[in-house]
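The block underneath contains the structure these notes are about, expressed in structure tokens.
All residue numbers refer to positions in the sequence shown, counting from 1. Just so it is clear, the structure is predicted and the values come from calculations on it, not from any experiment. Heavy-atom basis, side chains included; hydrogens, waters and symmetry copies ignored.
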Amino acid sequence: MIQAKGYAAQNAETDLAPWDFEHREVGPHDVQLEILYCGVCHSDLHQIKNDWFPGVFPMVPGHEIVGKVIKVGDHVKRFKKDDLAGVGCMVDSCQTCENCKEGLEQYCLEGSTQTYNNKGRDGVPTYGGYSNTIVVREEFVLHISDKLPLAATAPLLCAGITTYSPLRHWKVGKGHKLAVLGLGGLGHMGVKFGVAFGAEVTVLSTSASKEEAAKALGAHHFVVTSDPAQVEAVRGSFDFILDTVSAEHDMDMYLSLLRTNGTQICVGVPSQPYAIQPFSLLGGRKSIAGSGIGGIPETQEMLDFCAEHNIVSDIEMIDIKDITASYARMLKGDVRYRFVIDMATL
């Protein structure tokens, strides 16, 4: 077994703290990474607190992982020692179902294996990127370009692909009016991709103070959703709303901002179910949809697109000892826009 160290929650009532654990030895089809940086996702906090479902403890969070290859198995063909590489939200899937064969491993019909808070097909718990190393089968390791700053690339493995995938799926681009609801870790990437794809982008936010930041990211317009006059001015005007909010919000009000045949795409995950009036959908043949991360081929496509167009996340680097304090700041929206852990501080 490979000895590893990281930060773990021992149960849902405890804060993260140092913890030593083990990974499997590198098999013939495996890649081992030295983790250099790991992004901090809002879902990390949800999962260590059992907000969505009972967790697998001890839990080492982290699924926005970038680092350097330090060992490869004998049958690995796509990676070699010292390559830059990344690992996102999945480390395995059945590889044989119709979704996996189409490059949609995130929707594996047998269930994809998550990078942490899950058990692999061998029944052993998975441990994530708040640690010094990880062992992953080759098919779930991604190439990282040396053209981009490595730390700022880490959040692309979740925040990036979570916003890129639905915009690509619904073919959002030139001629479309896209609203991005929320300007956080997901929202700021939605703005960057929406602009890069050629859409007319509006940021919807309850905070008037975020307008300057939204415009700096490339947004064409900004609407303060707590101002009834501003809301009324954009009612029925958007083709798509990319909903990144992970707290409860008024779905009926936002659906009213869509044009006929418009779609609200939900990528945030509130702890409570959505409350929606049927007539909010019927009045205008509107749709509400959801989207998870992308599959491995699409995630690599996204990383290559970002390298070509110089797109990364806006980040604040932290020491791992400050992770609990950073969670508290994240809950207050006090980060622009993604914390990234420098794993040299472990």
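Side-chain contact between Leu204 and Leu257: present, with at least one pair of heavy atoms (C-beta onward) separated by less than 4.5 Å. For the pair Leu156 and Ile161, the minimum side-chain heavy-atom distance is 4.5 Å or more. In this structure the side chain of Ile134 reaches within 4.5 angstrom of the side chain of His23, judged on heavy atoms. Considering only heavy atoms from C-beta on, Arg24 stays 4.5 Å or farther from Val124 through its side chain. Under the 4.5 Å side-chain criterion, counting only non-hydrogen atoms from C-beta, Met343 is not in contact with Asn132. Side-chain contact between Tyr7 and Lys321 is present, with heavy atoms from C-beta onward closer than 4.5 Å. Between Asp243 and His249 there is a side-chain heavy-atom pair separated by less than 4.5 Å. Side chains of Cys108 and Met90 form no contact here, defined as non-hydrogen atoms less than 4.5 Å apart.
With values rounded to the nearest 0.5 angstrom, Leu242 atom CG is found 6.0 Å from Ile265 atom CD1. Within the model, atoms CG of Leu331 and CG of Leu45 stand 5.0 Å from one another, a figure rounded to the nearest 0.5 Å. Taking OG from Ser256 and CZ from Arg235, the interatomic distance works out to 3.5 Å, rounded to the nearest 0.5 Å. How far CD1 of Ile65 is from CG of Leu36: 11.5 Å, rounded to the nearest 0.5 Å. Here NZ of Lys286 is found 12.5 Å from CD1 of Ile276. Values are rounded to the nearest 0.5 Å.
Residues passing the salt bridge (Lys or Arg N to Asp or Glu O under 4.0 Å) test with Arg329, sequence neighbours excluded: Glu316, Asp334. For Glu139, the salt bridge (Lys or Arg N to Asp or Glu O under 4.0 Å) partners at least two apart in sequence or on another chain are Arg137. Legend: residues meeting ring pair (Phe, Tyr, Trp, His ring centres under 6.0 Å) with Tyr327, ordered by chain and number and at least two apart, are absent. In terms of the salt bridge (Lys or Arg N to Asp or Glu O under 4.0 Å) criterion, Arg336 has no residue partners (sequence neighbours excluded). Residues satisfying the salt bridge (Lys or Arg N to Asp or Glu O under 4.0 Å) test with Glu138, not counting sequence neighbours, are none.
In this model, no donor atom of one side chain and acceptor atom of the other lie less than 3.5 Å apart for Glu200 and Thr202. Side chain to side chain, Glu298 and Tyr164 fail the donor-acceptor criterion of an N or O pair below 3.5 Å.
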Less than 3.5 Å apart, which donor and acceptor atoms pair up between the side chains of residues 182-192 and the rest of the protein, not counting sequence neighbours?
residue : atom : partner : partner atom : Å
His188  : ND1  : Gly184  : O            : 3.1
His188  : ND1  : Gly185  : O            : 3.0
His188  : NE2  : Asp314  : N            : 3.0
Lys192  : NZ   : Val312  : O            : 2.7
Lys192  : NZ   : Asp314  : OD1          : 2.7

Check residues 145-154 and write down every donor-acceptor pair under 3.5 Å in which the side-chain atom is one partner and the other belongs to a residue at least two apart or another chain.
residue : atom : partner : partner atom : Å
Ser145  : OG   : Lys147  : N            : 3.0
Thr153  : OG1  : Pro149  : O            : 2.8

All N/O donor-acceptor pairs, side-chain side in residues 47-61, below 3.5 Å, sequence neighbours left out:
residue : atom : partner : partner atom : Å
Gln47   : OE1  : Asn117  : ND2          : 2.9
Gln47   : NE2  : Tyr116  : OH           : 2.9
Asn50   : OD1  : Gly55   : N            : 2.8
Asp51   : OD2  : His46   : ND1          : 2.9

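The two atoms that bring Ala289 and Trp170 nearest to each other are CB-CZ2, 3.5 Å, heavy atoms only. Across Pro166 and Val267, no two heavy atoms sit closer than the pair CG-CG1, 4.0 Å. Gly39 and Tyr130 get closest at one heavy-atom pair: O-CE1, 4.0 Å. Residues Leu157 and Val87 approach most closely at CG-O, 3.8 Å, considering heavy atoms. The heavy-atom pair separating Val31 from Val141 by the smallest distance is CB-CG2, 4.0 Å. Minimum heavy-atom separation, Thr244 to Leu181: OG1-O, 2.7 Å.
Within a 6.0 Å sphere centred on CD of Gln3, heavy atoms belonging to other residues, nucleotides or ligands number more than 12.
Sorted pairs that involve residues 102-121 and meet salt bridge (charged side-chain N to carboxylate O under 4.0 Å, His left out), not counting sequence neighbours, are lacking altogether. Residue pairs meeting the side chain to side chain donor-acceptor pair (under 3.5 Å) criterion with at least one member in residues 302-312, sequence neighbours excluded, are Gln300-Asp304. The salt bridge (charged side-chain N to carboxylate O under 4.0 Å, His left out) analysis of residues 337-346, with sequence neighbours excluded, yields the pairs Glu64-Arg338.
The aromatic ring centroids of Phe238 and His176 lie 6.0 Å or more from each other.
Between Asp239 and Arg259, at least one side-chain N (NZ, or NE/NH1/NH2) sits under 4.0 Å from a carboxylate O, which counts as a salt bridge. A salt bridge is absent between Lys101 and Glu98; no separation between the charged side-chain nitrogens and carboxylate oxygens falls under 4.0 Å.
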- Query: Would Asp252 and Ser280 count as a side-chain hydrogen bond (donor to acceptor under 3.5 Å, both in side chains) if you check the C-alpha gap in whole Å, the side-chain angles of each, and the deciding distance to 0.1 Å?
  - Reply: CA-CA 6 Å; Asp252 296 306; Ser280 295; 2.6 Å; yes
- Task: Apply the test side-chain contact (heavy atoms from CB on, under 4.5 Å) to residues Val91 and Asn118: give CA-CA distance (whole Å), side-chain angles for both, the deciding distance (0.1 Å), then the verdict.
- Result: CA-CA 10 Å; Val91 291; Asn118 207 187; over 6 Å; no
- Message: side-chain contact (heavy atoms from CB on, under 4.5 Å), that's the test. Do Val66 and Leu84 meet it? Break it down for me.
- Response: CA-CA 7 Å; Val66 293; Leu84 295 178; over 6 Å; no
- How far apart are the C-alpha atoms of Met302 and Cys306, what are their side-chain angles, what is the distance that settles it, and do they pass the side-chain contact (heavy atoms from CB on, under 4.5 Å) test? CA-CA 6 Å; Met302 179 270 306; Cys306 289; 3.9 Å; yes
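With side-chain heavy atoms closer than 4.5 Å counting as contact, directly or through intermediates, the hydrophobic cluster containing Val135 also holds Ile2, Val26.
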